[in-house]
Amino acid sequence: MTDSINNPSENNIPPEHARSIRSFVLRQGHMTAAQQRAINTLWPQFGVDYQAEPLDLNARFGRDNPKVLEIGFGMGVATVEIAKHLPDTDFLAIDVHGPGVGNILKLIEEEGVGNIRVMRHDAVEVVENMLADASLDGIHIFFPDPWHKKRHNKRRLVQTPFVAKLLPKLKSGGYVHMVTDWEEYAVQMLEVLGGFGELENTAADYAPTPVYRPETKFEARGKRLGHGVWDLVFRKR
């Protein structure tokens with residue numbers, strides 16, 4: 001889910017998308033010709049440029065349907081599958097990985113999906129500056145970087161200050177769905193979400209995987225090796 005823009009000719013993305021990102025660490029990523037073509041041709045239709053002012057989600061999607069924010073979509077495979085499964089829901093998908101942005105746009109075209117819009121920007125700034133309060137029906141954060149070394153835990157995305165920024169954007173009755181394959185991070189997620197009185201856990205602790213979330217290849221491989229995966233689904237009162 002992370003990328004570094006060191007070769008402008010290879011990762012030919014508008015300058016406003018080639019900025020320093022604070023919510024993720026940037027690493028090298030190779031953009032394929034197909035991914036670059038998808039950005040060049042499909043960004044005007046499915047891409048959303050960052051702006052330091054509120055975004056009219058209904059206008060951007062062309063309809064007044066439920067809206068879900070996804071933070072960190074990786075290569076976009078699961079996002080596109082979920083959007084296909086839930087055609088009456090609109091998804092604003094944010095990531096900073098250049099090849100991932102190109103790949104999700106490529107998949108959107110191949111699968112004929114019209115209910116996804118893509119951003120390549122710092123999710124923290126998008127939440128702070130572009131999303132109106134009570135504008136979201138759901139929030140997805142799937143397999144965020146676990147920063148498994150103890151000294152790096154502070155870099156994790158799912159912490160109380162960030163969730164405090166997210167919750168006002170969620171409508172009453174809206175949900176937060178998080179997934180991790182790192183048990184210690186799952187415990188932290190449970191503690192963080194459980195610390196907000198306006199959130200109610202839909203399960204005793206960890207939730208069954210919702211039917212709309214497909215199993216990724218990485219997840220399936222991990223399960224075969226005996227690794228666990230933890231879903232958390234909380235609803236706003």
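The model shown is predicted, which means the values in this text are computed figures rather than measured ones.
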(Q) Can you tell me if K165 has over 12 outside heavy atoms packed within less than 6.0 Å of its NZ? (A) no
Q. Does the side chain of L199 come within less than 4.5 Å of R235's, by heavy atoms?
A. no
Q. Quick check, are the ring centers of H177 and F142 under 6.0 angstrom apart?
A. yes
Q. Taking the side chain as C-beta and beyond, is there a heavy-atom pair between K169 and L69 under 4.5 Å?
A. no
Q | Any L131 side-chain heavy atom under 4.5 Å of L92 side chain | A | yes
Q | Donor-acceptor contact below 3.5 Å, side chain Q51 vs main chain P54 | A | yes
Sequence neighbours left out, cut at 3.5 Å: what donor-acceptor pairs do the side chains of residues 72-86 make with other protein atoms?
| residue | atom | partner | partner atom | Å |
| --- | --- | --- | --- | --- |
| T79 | OG1 | E70 | OE1 | 2.8 |
| T79 | OG1 | E70 | OE2 | 3.2 |
| K84 | NZ | E111 | OE1 | 2.9 |

Q) Is the cationic atom of R155 (NZ for Lys, CZ for Arg) positioned less than 6.0 Å from the six-membered ring centroid of W147 and within 45 degrees of its normal? A) yes
(Q) With rounding to the nearest 0.5 angstrom, report the CD to CG distance, E110 to L105. (A) 11.0 Å
Q.
Looking at T202 and V233, would you say the former's side chain and the latter's main chain have a donor-acceptor pair under 3.5 Å?
A. yes
Q. Could R117 and F91 be counted as a cation-pi pair, given that NZ or CZ must be under 6.0 Å from the ring centre and within 45° of the axis?
A. no
Q) Does E219 reach the side chain of V179, with side-chain heavy atoms less than 4.5 Å apart? A) no
Q | Closest approach of Q45 to R60 (non-hydrogen atoms, all atoms of both residues) | A | O-NH2, 3.5 Å
Q | Interatomic distance, M119 atom CE to E125 atom CD [nearest 0.5 angstrom] | A | 9.5 Å
Q | Nearest non-hydrogen partners of I39 and G98, listed with the distance | A | CD1-O, 4.1 Å
Q.
Could you check whether any side-chain heavy atom of P168 comes within less than 4.5 Å of a side-chain heavy atom of E198, counting everything from C-beta outward?
A. no
Q: Would you name the heavy atoms of A207 and A203 that are closest together and state the gap between them?
A: CA-CB, 3.8 Å
Q. Between Y206 and L190, is there a donor-acceptor pair closer than 3.5 Å when you use the side chain of the first and the backbone of the second?
A. no
Q) Can you name the residues that form a salt bridge (charged side-chain N to carboxylate O under 4.0 Å, His left out) with K236, not counting sequence neighbours? A) none
Q.
Does R221, at its CZ atom, have more than 12 non-hydrogen atoms belonging to other residues, nucleotides or ligands within less than 6.0 Å?
A. no
Q.
Minimum heavy-atom separation for A38 and G102, please, with both atom names.
A. CB-O, 3.5 Å
Q) Is a salt bridge present between D145 and R156, judged by a nitrogen-to-oxygen distance below 4.0 Å? A) no
Q | From F143 atom CZ to W182 atom CH2, the distance as rounded to the nearest 0.5 Å | A | 14.0 Å
Q | Partner set under salt bridge (charged side-chain N to carboxylate O under 4.0 Å, His left out) for E109, not counting sequence neighbours | A | R37
Q. Does any donor atom in the side chain of W230 or D181 lie under 3.5 Å from an acceptor atom in the other side chain?
A. no
(Q) Please determine whether the number of non-hydrogen atoms from other residues, nucleotides or ligands lying under 6.0 Å from atom NZ of K154 exceeds 12. (A) yes
Q: Take Q35 and H30 through the side-chain contact (heavy atoms from CB on, under 4.5 Å) test and state the conclusion after the steps.
A: CA-CA 10 Å; Q35 291 164 355; H30 174 68; over 6 Å; no
Q. Using the ring of each side chain (for Trp, its six-membered ring), is H140 parallel, tilted or perpendicular to Y175, with breaks at 30° and 60°?
A. tilted
Q | Minimum heavy-atom distance between L232 and A186, given as atom pair plus value | A | CD2-O, 4.0 Å
Q: For L136 and V68, run side-chain contact (heavy atoms from CB on, under 4.5 Å): C-alpha distance rounded to whole Å, both residues' side-chain angles, the deciding distance at 0.1 Å, then the answer.
A: CA-CA 6 Å; L136 300 175; V68 171; over 6 Å; no
Q | From N65 atom CG to L57 atom CG, the distance as rounded to the nearest 0.5 Å | A | 12.0 Å
Q: Quick one: closest heavy-atom pair of W43 and D49, and the distance?
A: NE1-OD1, 3.0 Å
Q.
Whether the side chain of N115 engages the backbone of T89 through a donor-acceptor N/O pair (distance < 3.5 Å, no angle test) should be reported.
A. yes
Q: Answer yes or no: is there an ion pair linking D90 with K67, defined by an N-O contact shorter than 4.0 Å?
A: yes
(Q) Taking the side chain as everything from C-beta on, heavy atoms only, tell me whether I108 gets closer than 4.5 Å to K106. (A) no
Q: In sequence, state the C-alpha distance, the side-chain angles, and the governing distance for V176 and I141, and then conclude on side-chain contact (heavy atoms from CB on, under 4.5 Å).
A: CA-CA 8 Å; V176 180; I141 302 177; 5.7 Å; no
Q.
Could you check whether any side-chain heavy atom of D231 comes within less than 4.5 Å of a side-chain heavy atom of P210, counting everything from C-beta outward?
A. yes
**Q.** Any side-chain heavy-atom pair of L193 and V163 under 4.5 Å
**A.** yes
Q: For the residue pair Y50 and N129, confirm or rule out a side-chain donor-acceptor distance under 3.5 Å.
A: yes
